[in-house]
Enquirer: 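Just dropping this structure here.
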Amino acid sequence: MKKITTGILFLLIISVSAQANFSLSNNGLGLPQDNAIFNKVNSPNGGRTLSYSDIQGNPYYGKGYSVAKFSGTDETAPARYNMYNDEVEFTKEDKSYILPKNDTYSKIEFTNTKEVLVRLETGDDLSGYFFELVNGKNSLYKKTKTKFIDAVPATNSYTSDRPATFKTLEPVYYINTDGGFIKGPKNQKEILERFPAKKDALTAFFKQNKIKFDKEEDLKKLVTFLNQ
């Protein structure tokens, strides 16, 4: 009976210890290590699963990993943004992991490039990670995305196979205001309607600045002005 009681007590200690270790790896004291990467893409036309190395193009933003800081922890790690899966990957002890999509790790700052990636709920199909371009009462964000284009086998001897590719799409810009997000702002009218109290100031601003709404630097200038 004593041996059984001792055995049960030993198992309880192991269980509590394991739970404590799991908690420490997920409570902001460190980066979680239970989210392994399986970078594979299903190819219906090819009838198989492709590795990223089998696909032309780059599914990542930039080249390689860059050291990053993460909200929720003091720990830093090499990281990169997967535009195809909308995931942040990081490495630790020579192993690769996916950062959980939760509020704890919702902000990633790349120390070398000074770029900031944040996770936003925009209420549409692009909800997820965005690059923060201007921060303030009104904020500007950029969504970058990569599309998978499946391989196309040759239909006859006169045509060639078209390999599977990753295609980087045009970025989509969002302005976050007190009234919600403006997705892909298109013209002055749209901005004036959202900021009626600034109508006169904005009208003068637009006269002095030939803002092109598909240009990132122009949108930065506009949102910086809105914050003044």
Side-chain angles (χ1 to χ4, degrees), residues 28 57-63 66-74 76 79-88 99-147 166-228:
N58 184 18
Y60 295 102
Y61 181 86
K63 296 180 179 180
S66 180
V67 175
K69 297 188 296 183
F70 308 83
S71 62
T73 175
D74 293 330
T76 62
R80 60 183 177 180
Y81 175 47
N82 186 323
M83 298 187 294
Y84 174 66
N85 284 333
D86 191 39
E87 294 174 338
V88 174
L99 191 70
K101 291 183 178 181
N102 58 39
D103 292 340
T104 301
Y105 307 106
S106 61
K107 185 174 183 179
I108 302 95
E109 299 181 54
F110 294 95
T111 57
N112 291 335
T113 64
K114 307 303 181 184
E115 291 174 301
V116 177
L117 198 62
V118 296
R119 196 173 67 84
L120 301 175
E121 292 296 334
T122 53
D124 59 17
D125 60 335
L126 294 183
S127 285
Y129 289 107
F130 290 75
F131 284 97
E132 183 180 78
L133 304 179
V134 177
N135 186 23
K137 182 179 180 180
N138 301 286
S139 302
L140 177 65
Y141 300 99
K142 177 174 70 173
K143 182 71 176 187
T144 58
K145 193 171 179 62
T146 293
K147 178 182 179 182
F166 284 118
K167 179 183 178 181
T168 300
L169 305 179
E170 289 295 321
V172 180
Y173 297 95
Y174 286 69
I175 300 176
N176 192 17
T177 72
D178 287 341
F181 287 98
I182 303 175
K183 179 181 179 179
K186 300 175 180 61
N187 50 52
Q188 297 179 20
K189 181 182 177 182
E190 189 174 13
I191 303 301
L192 290 169
E193 289 177 348
R194 184 62 66 94
F195 297 93
K198 287 180 172 284
K199 183 177 180 179
D200 292 342
L202 278 168
T203 299
F205 172 82
F206 285 130
K207 284 182 179 179
Q208 295 174 4
N209 301 273
K210 304 300 181 183
I211 297 297
K212 294 183 179 180
F213 287 84
D214 59 345
K215 300 298 182 183
E216 184 172 310
E217 290 305 314
D218 284 5
L219 289 173
K220 285 182 180 180
K221 185 185 296 184
L222 171 60
V223 176
T224 299
F225 176 79
L226 290 173
N227 286 332
Q228 292 176 0

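Keep in mind it's a predicted model, so treat the numbers as computed, not measured. Side chains are part of it too, since the values below use all heavy atoms of this structure and drop only hydrogens, waters and symmetry mates.
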Enquirer: Once rounded to the nearest 0.5 Å, what's the spacing between atom CG of D214 and atom CG of L219?
Expert: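 Result: 8.0 Å between the selected atoms.
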Enquirer: When rounded to the nearest 0.5 angstrom, what is the spacing between CD1 in I211 and CG in N187?
Expert: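 CG of N187 is found 13.0 Å from CD1 of I211.
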Enquirer: Taking N176 for the side chain and S139 for the main chain, is one N or O donor matched with an acceptor at less than 3.5 Å?
Expert: no
Enquirer: Taking all non-hydrogen atoms of both residues, which atom of S71 and which atom of S106 are closest, and how far apart?
Expert: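 Closest approach of S71 to S106: OG-N, 3.1 Å.
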Enquirer: Are any side-chain N or O atoms of K142 and backbone N or O atoms of P171, one a donor and one an acceptor, separated by less than 3.5 Å?
Expert: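 Not a single qualifying donor-acceptor pair exists.
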Enquirer: Going from CD on E217 to CG on L222, what distance comes out if it is rounded to the nearest 0.5 angstrom?
Expert: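 Rounded to the nearest 0.5 Å, the CD-CG separation comes out at 12.5 Å.
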Enquirer: Quick one: closest heavy-atom pair of V88 and F70, and the distance?
Expert: CG1-CE2, 4.5 Å
Enquirer: Minimum heavy-atom separation for K143 to L126, with atom names?
Expert: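 The answer is NZ-O, 3.2 Å.
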Enquirer: Closest approach of N58 and M83, non-hydrogen atoms and distance?
Expert: O-CE, 4.3 Å
Enquirer: Around K167, counting heavy atoms of other residues, nucleotides and ligands shown, do more than 12 lie under 6.0 Å from its NZ?
Expert: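 No - once you tally the heavy atoms of other residues, nucleotides and ligands closer than 6.0 Å, there are 12 at most.
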Enquirer: Would you check if Y174 and D124 make a side-chain contact, meaning some heavy-atom pair closer than 4.5 Å?
Expert: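 Yes, side chains in contact.
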Enquirer: Over all heavy atoms of both residues, which pair between I175 and P185 is shortest? Give the atoms and the distance, please.
Expert: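 Scanning both residues, the minimum pair turns out to be CD1-CG, 3.9 Å.
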Enquirer: Under 6.0 Å from the NZ atom of K183, do we count more than 12 heavy atoms belonging to anything else shown?
Expert: yes
Enquirer: Under 3.5 Å, which donor-acceptor pairs do the side chains of residues 188-205 form with other protein atoms, sequence neighbours left out?
Expert:
{"unit_1": "E190", "atom_1": "OE1", "unit_2": "K186", "atom_2": "N", "d": "2.9"}
{"unit_1": "R194", "atom_1": "NH1", "unit_2": "T177", "atom_2": "OG1", "d": "3.0"}
{"unit_1": "R194", "atom_1": "NH1", "unit_2": "G180", "atom_2": "O", "d": "3.2"}
{"unit_1": "K198", "atom_1": "NZ", "unit_2": "Q228", "atom_2": "O", "d": "3.4"}
{"unit_1": "T203", "atom_1": "OG1", "unit_2": "K199", "atom_2": "O", "d": "2.7"}

Enquirer: Report yes or no: does N102 contribute a side-chain atom to a donor-acceptor pair with the main-chain N or O of T104 at less than 3.5 Å?
Expert: yes
Enquirer: I want to know whether F131 and Y61 have ring centres closer than 6.0 Å.
Expert: yes
Enquirer: Taking all non-hydrogen atoms of both residues into account, name the closest pair between R80 and Y60 and its distance.
Expert: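 Closest pair (atom of R80, atom of Y60, distance): NH2-OH, 3.1 Å.
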Enquirer: Is the shortest side-chain heavy-atom distance between D103 and R119 below 4.5 Å?
Expert: yes
Enquirer: So I108 and Y81, do their side chains get closer than 4.5 Å, heavy atoms only?
Expert: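 No - every pair of side-chain heavy atoms lies 4.5 Å or more apart.
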Enquirer: Which residue pairs satisfy the side-chain hydrogen bond (donor to acceptor under 3.5 Å, both in side chains) criterion with at least one member in residues 127-138, sequence neighbours excluded?
Expert: T122-S127, N138-N227
